[in-house]
Amino acid sequence: RLLYLSIPGIILGGLQISCNNSGKKAEDSVKTALKVNDSIAIVDKKDAEFLVNVASGSMMEVELGKIAQANSSNERVKNLGNLLIKAHTRANEEIKSLASSRKVILPQTLGKAHQKHVDHLKNLKDNEFDFSYINIMVKDHKDDIRKFENASRTAKDADIKAFARETLPVLKVHLDSARAIREFLKPALDMDNIVIPP
């Protein structure tokens with residue numbers, strides 16, 4: 001399951017190091033992985049892109065779930081965070097397995113868009129954290145469902161298509177849970193004042 005870190009991983013690591021040593025900002029890990037996959041992956045380009053993007057998103061779900069355990073004072077929010085840690089840890093292993101057998105390089109760190117959410121939320125506490133976290137969970141799961149629905153219809157690789165199709169119901173449950181918690185929390189604070197970083 002960890003073969004994806006072998007030779008291609010060294011190539012990706014080398015690209016990341018060269019970006020860091022150039023005096024410029026480090027390149028987005030997702031974009032770096034996509035570039036490498038253009039010459040290495042043995043699946044359709046769109047299938048590789050799907051795995052790369054959902055890998056970063058799934059890693060973010062785990063990181064934010066951990067932050068929820070520390071920064072939230074609401075039991076329902078903590079429980080959702082714990083549920084997402086478990087579910088996305090399993091999903092991460094499936095993504096790694098699919099990527100490994102298809103020579104698809106996955107990002108070793110979060111893409112910039114996902115890292116922004118982590119950086120934003122780790123400094124918030126209690127109600128402010130809860131509302132921002134739940135809003136991000138609703139938005140992120142809507143985006144995920146759109147990506148997984150598309151892959152379940154159009155992926156060229158049968159196993160990637162099956163993974164997308166089988167994961168969709170779980171993502172929809174997560175979205176429903178996040179929406180229900182948002183409605184539960186809504187009376188406590190004006191939701192329109194909560195800012196989600198782009």
Side-chain angles (χ1 to χ4, degrees), residues 30 50-99 106-107 109-155 159-198:
V30 167
F50 169 73
L51 290 179
V52 167
N53 285 310
V54 300
S56 178
S58 194
M59 286 191 293
M60 181 194 73
E61 298 280 359
V62 173
E63 287 304 308
L64 293 184
K66 291 175 182 176
I67 295 171
Q69 306 310 300
N71 291 20
S72 177
S73 57
N74 185 286
E75 206 58 35
R76 289 184 70 172
V77 173
K78 285 177 177 279
N79 288 342
L80 178 65
N82 192 47
L83 170 70
L84 296 179
I85 289 170
K86 292 176 180 176
H88 284 277
T89 297
R90 287 193 298 270
N92 288 343
E93 288 305 310
E94 290 186 63
I95 294 165
K96 288 175 185 177
S97 179
L98 284 167
L106 298 179
T109 57
L110 298 181
K112 285 185 179 179
H114 292 131
Q115 187 61 50
K116 278 184 183 179
H117 290 318
V118 171
D119 292 342
H120 174 67
L121 285 176
K122 68 184 179 183
N123 296 316
L124 304 181
K125 299 283 186 183
D126 301 324
N127 279 355
E128 191 177 8
F129 171 84
D130 293 341
F131 284 99
S132 291
Y133 174 63
I134 291 301
N135 266 330
I136 288 170
M137 288 302 94
V138 169
K139 180 181 182 299
D140 188 63
H141 280 89
K142 283 181 180 177
D143 291 344
D144 282 347
I145 287 168
R146 186 169 62 251
K147 289 172 189 170
F148 276 75
E149 283 178 339
N150 183 59
S152 72
R153 293 191 306 267
T154 65
D159 290 337
I160 293 174
K161 181 179 281 191
F163 166 69
R165 187 175 59 247
E166 290 162 10
T167 305
L168 262 173
V170 178
L171 294 173
K172 289 176 179 177
V173 169
H174 293 170
L175 175 59
D176 288 344
S177 297
R179 281 174 165 162
I181 294 171
R182 185 168 68 174
E183 288 305 307
F184 171 75
L185 296 173
K186 208 168 184 177
L189 194 64
D190 179 4
M191 296 294 289
D192 292 333
N193 290 332
I194 299 300
V195 176
I196 300 176

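Keep in mind the model is a prediction, meaning the values are calculated, not measured.
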Hey, can you tell me if His174 and His88 have their rings parallel, tilted or perpendicular (30° and 60° cut-offs)?
tilted

To the nearest 0.5 Å, what is the distance between [atom1] on [X] and [atom2] on [Y]?
| X | Y | atom1 | atom2 | result |
| --- | --- | --- | --- | --- |
| Met60 | Met137 | CE | CE | 4.5 Å |
| Leu106 | Ser56 | CG | OG | 10.0 Å |
| Leu185 | Phe131 | CG | CZ | 4.5 Å |
| Lys147 | Leu168 | NZ | CG | 13.0 Å |
| Ser132 | Leu64 | OG | CG | 11.0 Å |
| Asn150 | Arg146 | CG | CZ | 9.5 Å |

What heavy-atom pair brings [X] and [Y] nearest, and what distance separates the two atoms?
| X | Y | value |
| --- | --- | --- |
| Ala68 | Gly81 | CB-CA, 4.4 Å |
| Ala178 | Val138 | CB-CG2, 3.8 Å |
| Gly65 | Tyr133 | CA-OH, 4.0 Å |
| Arg76 | Ile181 | O-CD1, 3.6 Å |

With heavy-atom distances below 4.5 Å as the criterion, would you say the side chains of [X] and [Y] are in contact?
| X | Y | answer |
| --- | --- | --- |
| Leu84 | His141 | yes |
| Ile67 | Phe129 | yes |
| Leu80 | Ile134 | yes |
| Lys142 | Arg179 | yes |
| Ile95 | Phe163 | yes |
| Phe148 | Val54 | yes |

For [Y], does its backbone N or O pair with a side-chain atom of [X] as donor and acceptor, under 3.5 Å?
| X | Y | result |
| --- | --- | --- |
| Ser152 | Glu149 | yes |
| Gln69 | Lys78 | yes |
| Asp140 | Ile136 | no |

Less than 4.0 angstrom from a charged side-chain N to a carboxylate O is my criterion; do [X] and [Y] meet it?
| X | Y | result |
| --- | --- | --- |
| Asp143 | Lys139 | yes |
| Glu93 | Lys96 | yes |
| Lys116 | Asp119 | no |

From the list Asn82, Asn71, Asp130, side-chain contact (heavy atoms from CB on, under 4.5 Å) partner of Val77 resolves to Asp130

